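Read the structure below first, then the notes.
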Amino acid sequence: QESAGVSAESSQDDSVPEVVAGSDDDCGQDSSVSGGGNPTDVAAGENSVTLKRWENADEETRLELATPVESSSRFNKQKADSIEWAQFTWNPVTGCLTDCPYCYARDFQLRLHKSFEPMFHRDRLAAPQKTPVPKTDGHNHVFLCSAADLWGEWVPEEWIRAVLDACREAPKWVFIALTKNPGRYQEFIDIIPGNVWLGATADTQMRADSATLALMRLRKKTRRHVLFLSCEPLAEMISLKAGRWEAIDWLIIGPRSQNQKLPAMQPNWEWVEVLLGQSRKSPTSVYFKPNLVVRPQEYPGTWSDKQRLP
């Protein structure tokens, strides 16, 4: 995702995780990954399964492949200059099929694992129980599937349910989800625990319109979940109708980070100003990413031109 669509959206410098041995981003997964083989046979130690392998498996095999196993897996602890709104990342599912041109997670996974194919890692489901909860208030935030879009249409329901079960069993953690497909939250809203924040990526006006509509529908069904909009990268002017802000508890704004396909790009200040001004008319909290460095640079007599901004 960028900030993952993969839904993740952080700068390359800010968001590439520090890989810790034993964490869910440790590259020691290769020996237990299955991409083919007999679809009715689960090999000993087969803890990671590709989407292709899953689709070819029978119901009994799928049930076993989605069953958590005992492991020492832990969350990946972020460096001080990494994804600053979450102290940890957790990737029980990796990979994405959206193919966003600005996706940093794809670059990271290709460099680490040589693949960005969607995969499920059942041994990582133990991480919420194996990772000690920090004693400092607010340091219990976990970026859920920073290297995937957990809510993509291609993700099997069983994978999502297994991840949500693990979240529910760890109420002291706050899991921050982000997707370019927020409409799928509706399918699971009755079983999504309250310690999961539900976010939608909006890099363009078209995506913002559909994302906020999905959030509005969610707001009608739930008041116990934090709902948020991530405008990262903010690629063009986005203006939201007043009623849409009622469904947005949190707004994140950030630039586009450099990756293998695109250079870094700061949004125009006017784009930021419009979102900030509109959000201030609602209870929405605003978070500027540290790498958002654009600022107004106006000369006398030019402000009257800006008053036409929505």
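Note that these values count all heavy atoms, side chains included, but never hydrogens, waters or copies made by symmetry. Owing to the predicted nature of the structure, the values given are computational and were not obtained by experimental measurement.
- A distance of 6.0 Å separates CG of L276 from CH2 of W269, quoted to the nearest 0.5 Å.
- To the nearest 0.5 angstrom, T67 atom OG1 is 13.5 Å from R62 atom CZ.
- Not a single side chain to side chain donor-acceptor pair (under 3.5 Å) links E59 to another residue, sequence neighbours left out.
- No more than 12 heavy atoms of other residues, nucleotides or ligands shown are found within 6.0 angstrom of CZ on R295.
- Here the closest non-hydrogen pair linking A211 and A200 is CB-CB, 3.7 Å.
- For residues 189-219, every residue pair satisfying the ring pair (Phe, Tyr, Trp, His ring centres under 6.0 Å) rule, not counting sequence neighbours, is listed here: H141-W197, W197-W250.
- The closest side-chain heavy-atom distance from L178 to T201 is below 4.5 Å.
- Take R219 and apply the side chain to side chain donor-acceptor pair (under 3.5 Å) test, not counting sequence neighbours, and it matches D249.
- Remark: T179 OG1 to L198 CG distance equals 10.0 Å, nearest 0.5 Å.
- S279 pairs by the side chain to side chain donor-acceptor pair (under 3.5 Å) definition with nothing, not counting sequence neighbours.
- Each of R124, H121, R53 was scored for a side chain to side chain donor-acceptor pair (under 3.5 Å) with S48, with one residue passing: H121.
- In terms of heavy atoms, I238 sits closest to V274 at O-CG1, 3.5 Å.
- Scored by the salt bridge (charged side-chain N to carboxylate O under 4.0 Å, His left out) test, R184 finds E187 as partners (sequence neighbours excluded).
- Under 4.0 Å is where a charged nitrogen must lie from a carboxylate oxygen, and between R122 and E46 no such pair does.
- In this structure E236 satisfies the side chain to side chain contact (heavy atoms under 4.5 Å, CB included) test together with T204, Q205, sequence neighbours excluded.
- Screening residues 189-202 for salt bridge (Lys or Arg N to Asp or Glu O under 4.0 Å), with sequence neighbours left out, gives no hits.
- By the 4.5 Å heavy-atom criterion applied to side chains, K289 and I252 are counted as neighbours.
- A 4.5 Å side-chain heavy-atom check between N291 and S257 finds at least one atom pair inside the cut-off.
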I176 vs L144, side chain to side chain contact (heavy atoms under 4.5 Å, CB included): CA-CA, chis, key distance, verdict: CA-CA 5 Å; I176 303 178; L144 177 59; 5.9 Å; no
Start with the C-alpha gap between Y287 and I253, add the side-chain angles, then the distance that decides, and say whether side chain to side chain contact (heavy atoms under 4.5 Å, CB included) holds. CA-CA 6 Å; Y287 194 103; I253 303 177; over 6 Å; no
When you look at D58 and T61, which way does the side-chain hydrogen bond (donor to acceptor under 3.5 Å, both in side chains) test go after all the steps? CA-CA 5 Å; D58 59 28; T61 303; 2.7 Å; yes
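- The two residues C167 and P193 come nearest to each other via the heavy atoms CB-CG, 4.0 Å.
- Residues satisfying the salt bridge (charged side-chain N to carboxylate O under 4.0 Å, His left out) test with E70, not counting sequence neighbours, are K130.
- Note that CD1 of I160 is 8.5 Å distant from CD1 of I191, once rounded to the nearest 0.5 Å.
- By the 4.5 Å heavy-atom criterion applied to side chains, K281 and W245 are not counted as neighbours.
- The OG atom of S239 lies 14.0 Å from the CH2 atom of W271; values are rounded to the nearest 0.5 Å.
- Criterion: ILVMFWY side-chain heavy atoms under 4.5 Å apart, direct or through other members. Under it, F188 and F120 are part of a common hydrophobic cluster.
- Residues satisfying the side chain to side chain contact (heavy atoms under 4.5 Å, CB included) criterion with M216, sequence neighbours excluded, are R244, A247.
- Looking only at side-chain heavy atoms (C-beta outward), V155 and D149 stay at 4.5 Å or farther from each other.
- Put simply, the side chain of T131 never gets that close to the backbone of P128: no donor and acceptor are under 3.5 Å apart.
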CA sep, side-chain torsions, deciding dist, call: H139, Q87, side chain to side chain contact (heavy atoms under 4.5 Å, CB included): CA-CA 6 Å; H139 283 221; Q87 292 71 46; 4.2 Å; yes
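- Between the side chain of Y185 and the backbone N or O of G199 there is at least one donor-acceptor pair closer than 3.5 Å.
- E246 places none of its side-chain heavy atoms less than 4.5 Å from the side chain of S282.
- Under the ring pair (Phe, Tyr, Trp, His ring centres under 6.0 Å) rule, F143 has a single partner from F75, F175, W85, which is W85.
- Between I248 and L215, the shortest heavy-atom contact is CG1-CD1, 4.4 Å.
- For the side chain to side chain donor-acceptor pair (under 3.5 Å) test, residues two or more places apart in sequence or in another chain that qualify with T222 are H225.
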Stepwise, does the side chain to side chain contact (heavy atoms under 4.5 Å, CB included) test hold for D209 with R207? CA-CA 5 Å; D209 290 341; R207 185 164 275 135; over 6 Å; no
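- The closest side-chain heavy-atom distance from V272 to L234 is below 4.5 Å.
- Residues P233 and D203 come closest through the heavy atom pair O-CB, 3.0 Å.
- Distance check, rounded to the nearest 0.5 Å: SG of C145 to CG of L150 gives 4.5 Å.
- The minimum heavy-atom distance linking N195 with P171 is given by the pair ND2-CA, 3.7 Å.
- Annotation: M206, atom CE; neighbour count of heavy atoms from other residues, nucleotides and ligands within 6.0 Å does not exceed 12.
- Under the 4.5 Å side-chain criterion, counting only non-hydrogen atoms from C-beta, L251 is not in contact with F228.
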Verify side-chain hydrogen bond (donor to acceptor under 3.5 Å, both in side chains) between E153 and N181, making sure each step is shown before the conclusion. CA-CA 8 Å; E153 291 295 338; N181 189 37; 2.9 Å; yes
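- The side chain to side chain donor-acceptor pair (under 3.5 Å) pairs that include a residue from residues 154-174 are E157-R161, D165-R168, where partners are two or more places apart or lie in different chains.
- Counting only distance, with no hydrogens or angles, the side chain of Q266 and the backbone of V294 share a donor-acceptor pair below 3.5 Å.
- Shown here are the side chain to side chain contact (heavy atoms under 4.5 Å, CB included) partners of E117, two or more places apart in sequence or in another chain: T50, K52, S115.
- Linking Ile, Leu, Val, Met, Phe, Trp and Tyr residues whenever their side-chain heavy atoms come within less than 4.5 Å leaves L63 and L164 in two separate clusters.
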